[in-house]
Amino acid sequence: MTPLAQTVHLDVNLGGNRVLHDAALAVHAGEAVGLLGANGSGKSTLVKALLGLVPVASGEVRLFGKTPGRGVPWGRVAYVPQVSPAGSGVPTSALDVVRAGLLTGWRPWPPRGAKTRAAQALAAVGLEDQAKVSLAALSGGQRHRVLLARALVRQPDLLIMDEPLAGVDAASANQLVKALEEREGLTCLVVLHDLGPFERYLGRGIVLSQGEVVADGPLKKVLPTDHHHHHEPPRPVHSHTPELDVLP
Amino acid sequence: MSEYLEYWSAMLSDPLVQRALAVAIIVGGAAPVVGTYLVQRRLALLGDGIGHVALTGVALGWLIGAGMGLAPGALAIPGAVVAAVVGAVVIELVRSSGRTSGDLALALMFYGGIAGGAALIKVAGGTSATLVAYLFGSLSTLSRADVATGVILAGLILAIGLAGRWALFAAASDEDFAKASGLPTGFWNVVSAALAALTVTVAMRVVGLLLVSALMIVPVAITQLWARSFWRTMGWAALVGAVTGAAGLVASYWYGLPPGATIVVLAIALYALAAISRPVFERVRSSRR
């Protein structure tokens, strides 16, 4: 079966530096996969390359078997960025941000019933009372949930999230994972450097280190035994990682 | 009291004032619609860059017109329109190619536009003084045809700016997300740049190329102080733009001031007032909650 998201021998260079090297991953329908690793290991770049947001130096990127720019069914994909500039310039209500999530392709306006669907998506992340509030007036965690609602309103088959827990309090994090658990059959690729409540949701982990995939398997197997210390980034079980080589 | 009425009726029955008022209100209302997208894209100065390039267009039009034996300045406005649109699209392409940052690309436009205009106008047999009318506006020389052109262009700007509002909003507010949703963000960015260029050439007659961007940006700066949604910011900014356009024009007529500058000074004063009164406004709003 065609993986929903796949990279093959992917190399990405940014600003003259090699950020990803020979990165290979495949996420199949129904999987919930965590993309793990320390800061600067290339996790965010990998998902950006998957989505066609950064140029690929060599190798291949495929979503639903298609290369970005060549017939990817974008209506089935949703992305939750780590940070969004939405609402940072002109005041923007949470509802407007989520409604814009229903756009896809050349159609310049959201489909019929977009407002209702957007309101429901906000309710699903526990923000029904904040729909008309300007994004700038929301807390970091609430803003993250708005971005999640904007992705979920698309009713995607594939959800790609970049550090959805950054700056999110425990209650918000729980609510976020609960909203995901309610979506049966969703395929999910999540960049994380701290698992939090995602530990119960993810089935598989892929560990990146210095731009290379160093571990890929069931979540429990790729996590170090001391992974309950959430401030520590999860470390791979393989012993040949460059990071471990420099340890005394 | 009757003196006032007479004064008003004399002013309003002057066809020149009627034309100027019509253009000031229409342009004042349409410009902030485009300005809202620019502010969200953090390209508030794009209109200024385009305005500078339009000056080169004016001189180029003048040069071509002289070569064709036309009346001096006959092709100045068409030249400005073409240069503005080309300049806007080029800056968008330069910006999106990532080789040059947006503000550097803008800076190059500022310098190139003014220098090109000043050099070319000499070649065309004019003087720098020729350009002053374009730099500071010339509402007093509006013809019926100018008004018609202004109405049509402003209508076009409003039609595209409102019909494409969701896609323009999505591309302006979070380009990465929009791209990852399959939106042709490059296309919509070029559309918003082209809308800015058209607005510049329409508004050029009202306030001049040097102040042209103020009509797009200042009303948005005012309303974003208290509005809570994108569309309300845009709607109120359009209203503020139309009202300050009209009020500024009337004030300039009464006090014999240059209309473009009066409109902009009035808008900036309104901004200062709104910024000062904002804490009071916020307190009233939160006490009502």
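Within every chain, numbering begins at 1; the chains are lettered A, B, ... in the order of the sequence lines, protein sequences first and strands thereafter.
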So what's closer than 4.5 Å to chain A heavy atoms on [X]: side chain, backbone, both or neither?
| X | value |
| --- | --- |
| B:F169 | side chain |
| B:T233 | side chain |
| B:Y37 | neither |
| B:W188 | side chain |

Inset, instruction - Examine the side chains of A:S88 and B:R42 and answer whether a donor and an acceptor come within less than 3.5 Å of each other. - result: yes
Mind ranking [options] by heavy-atom pairs under 4.5 Å with chain B and telling me who comes out on top?
| options | value |
| --- | --- |
| A:A151, A:P156, A:P73, A:G105 | A:G105 |
| A:L51, A:D96, A:L63 | A:D96 |
| A:V80, A:T92, A:V72, A:V77 | A:T92 |

Inset, instruction - Kindly give the heavy-atom pair with the smallest separation between A:R154 and B:F177, and that separation in Å. - result: CD-CZ, 4.2 Å
Legend entry - Closest heavy-atom pair and its distance - B:R228, A:K132: CB-O, 4.4 Å
Drop me the distance from [X]'s [atom1] to [Y]'s [atom2], to the nearest 0.5 angstrom.
| X | Y | atom1 | atom2 | result |
| --- | --- | --- | --- | --- |
| A:S134 | B:Q224 | OG | CD | 10.0 Å |
| A:L53 | B:E175 | CG | CD | 9.5 Å |
| B:W166 | A:L103 | CH2 | CG | 7.5 Å |
| A:R99 | B:F230 | CZ | CZ | 13.0 Å |

Legend entry - Heavy-atom pair count under 4.5 Å with chain A, highest-scoring of B:A172, B:P184, B:A170, B:A44: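 Most heavy-atom pairs within the cutoff with chain A belong to B:P184.
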Inset, instruction - Among the options B:A227, B:A221, B:A180, pick out the one with the most heavy-atom pairs lying under 4.5 Å from chain A. - result: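 So the answer, after comparing B:A227, B:A221, B:A180, is B:A180.
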Inset, instruction - Please say whether more than 12 non-hydrogen atoms of neighbouring residues, nucleotides or ligands are located less than 6.0 Å from NE2 in A:H9. - result: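 Atom NE2 in A:H9 is not packed in, count stays at 12 or less.
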Legend entry - B:W226 atom CH2: more than 12 heavy-atom contacts under 6.0 Å: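 Yes - once you tally the heavy atoms of other residues, nucleotides and ligands closer than 6.0 Å, there are more than 12.
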Legend entry - chain B contact via A:R150 - side chain, backbone, both or neither, heavy atoms under 4.5 Å: both
Inset, instruction - Examine whether an atom of A:P85 lies under 4.5 Å from a heavy atom of chain B, and if so say whether it belongs to the side chain, the backbone or both; otherwise answer neither. - result: both
Legend entry - Flag, side chain of A:T104 to backbone of B:S181, donor-acceptor distance under 3.5 Å: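 Answer holds: yes.
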Inset, instruction - Taking the side chain as every heavy atom from C-beta outward, state whether B:M234 and A:V90 have any atom pair closer than 4.5 Å. - result: no
